[in-house]
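Before any comments, here is the structure.
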Amino acid sequence: MSKIYCIANQKGGVGKTTTTVNLAAGLAQVGRRVLLVDLDPQGNATMGSGIDKRALDTSVYDVLLESATVTEARQPSPKGGYHVVGANRELAGAEVELVELEHREKRLRHALAAVREDYDFVLIDCPPSLSMLTLNGLCAAHGVIVPMQCEYFALEGLSDLVNTIKQVHANLNPDLQIIGLLRVMFDPRITLQQQVSEQLKAHFGDKVFDTVIPRNVRLAEAPSYGQPGVTFDPASKGAIAFVAFAREMAQRLG
Ligand code: ADP
Ligand code: MG
């Protein structure tokens with residue numbers, strides 16, 4: 001049965017999509033069957049997996065509104081070695097349309113139940129907000145992976161996310177827990193980053209993943225080539241770190 005994880009942080013530009021795409025490719029590389037679900041109307045995870053968001057026949061929007069199943073909406077990432085349910089701007093409308101519907105926050109959960117034997121891991125790339133879309137992700141998931149930069153304000157933002165996760169856990173999804181905090185775009189030469197990293201470990205203990213993702217330009221370049229950094233330049237520091245993170249995840253969680 002698949003383990004379902006949201007990659008979430010309500011801040012934009014913190015590395016959610018880069019983490020989702022490269023963890024998917026890394027897990028595929030270590031032999032796991034992976035489905036990536038793009039829940040962000042920006043469609044960056046879709047494009048970064050080598051799938052043109054403007055040319056989607058069916059997307060996660062259709063899945064949420066039940067006009068397509070996950071089986072109908074998924075397609076392989078050409079280079080990534082995993083499957084993708086893509087997203088594009090159409091998804092922004094789902095926010096409004098879902099409000100009218102019953103069980104609106106559990107749509108994705110129900111849709112993913114149909115493919116739970118097909119994958120070892122389902123990774124959900126969340127938008128930078130605590131919206132109905134993110135709520136669908138949190139209701140579907142067993143856990144949350146929080147990528148974060150080791151900057152002063154990162155800790156402040158974290159408390160909002162932790163509170164939201166607690167509320168979803170209490171009211172909607174008792175399975176939900178924080179799997180871990182992933183330090184990304186890390187530059188060990190910056191003293192503040194080292195300090196925040198130490199604070200994180202002091203405060204969150206073993207909820208902080210051992211693997212640290214360095215700042216690495218190859219990870220930033222890869223999306224314009226339509227593939228994860230892990231396959232685009234396997235020898236780069238960023239790719240090596242994400243494969244190590246995939247191994248850490250696979251070891252911790254099967
Ligand atoms: P989010 O999905 O949280 O908005 P992204 O994953 O899109 O964040 O990352 C924001 C920007 O930072 C992108 O341009 C991405 O290529 C870049 N980026 C992410 N992780 C790294 C990294 N480890 N090293 C260098 N650039 C990175
Ligand atoms: Mg993103």
Side-chain angles (χ1 to χ4, degrees), residues 5-26 36-51 53 59-60 77 80 84-89 91-92 95 123-131 133-134 136-138 141 144-151 153-158 160-161 164 180-190 193-194 196-197 200 208-246 248:
Y5 301 115
C6 276
I7 293 59
N9 188 322
Q10 75 277 24
K11 284 181 73 172
V14 292
K16 291 182 289 299
T17 299
T18 306
T19 299
T20 313
V21 165
N22 284 287
L23 178 58
L36 184 160
V37 178
D38 191 352
L39 260 192
D40 189 336
Q42 292 183 70
N44 293 345
T46 304
M47 297 294 280
S49 298
I51 295 164
K53 64 181 177 183
S59 69
V60 73
S77 160
V84 178
V85 175
N88 55 30
R89 286 178 60 191
L91 182 59
E95 194 82 42
L123 303 178
I124 304 171
D125 188 28
C126 289
S129 61
L130 298 173
S131 62
L133 291 171
T134 300
N136 259 274
L138 294 176
V144 186
I145 296 165
V146 185
M148 54 187 303
Q149 285 170 262
C150 290
E151 287 168 355
F153 288 115
L155 290 168
E156 217 169 75
L158 207 54
D160 290 339
L161 182 63
T164 302
L181 307 176
L182 177 65
R183 292 162 287 172
V184 299
M185 298 191 224
F186 193 75
D187 185 344
R189 292 167 304 184
I190 300 175
Q193 293 209 2
Q194 282 180 355
V196 173
S197 177
L200 272 182
V208 181
F209 288 111
D210 294 335
T211 311
V212 177
I213 309 297
R215 184 171 283 284
N216 178 241
V217 70
R218 300 301 267 168
L219 291 172
E221 288 168 354
S224 60
Y225 295 86
Q227 56 175 313
V230 163
T231 58
F232 172 61
D233 185 355
S236 65
K237 276 189 186 165
I240 290 167
F242 270 114
V243 173
F245 179 47
E248 185 180 353

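Ligands are counted one by one from 1 in listed order, and the atoms in each one are counted from 1 as well.
The two residues A87 and K53 have their closest heavy-atom pair at O-CB, 3.5 Å. Here the closest heavy-atom approach between residue F242 and residue I213 is recorded as CE1-CG2, 3.5 Å. Closest of all the heavy-atom pairs between D233 and A239 is O-CB, 3.2 Å.
Judged by distance alone, with hydrogens and angles left aside, the side-chain atoms of N88 form no donor-acceptor pair with the main-chain N or O of G43 at under 3.5 Å. In terms of modelled atom types and a separation under 3.5 Å, the side chain of Q10 and the main chain of L130 share no donor-acceptor contact.
The aromatic rings of F232 and Y225 lie parallel to each other, their planes meeting at an angle below 30°, with 60° marking the opposite boundary.
Side-chain contact annotation: N44 with T17, donor-acceptor N/O pair under 3.5 Å absent.
Around the Mg ion (ligand 2), the protein contributes the following N, O or S atoms under 2.8 Å, ordered by chain and number: T17 OG1.
Summarising the geometry, atom CD belonging to Q193 is positioned 11.0 Å from atom CG belonging to L200; distances are rounded to the nearest 0.5 Å. For the atom pair CG (L133) and CG (L91), the distance works out to 4.5 Å, reported to the nearest 0.5 Å.
A distance limit of 4.0 angstrom between heavy atoms and ligand 1 selects the residues G12, G13, V14, G15, K16, T17, T18, M185, I213, P214, R215, N216, L219, A220.
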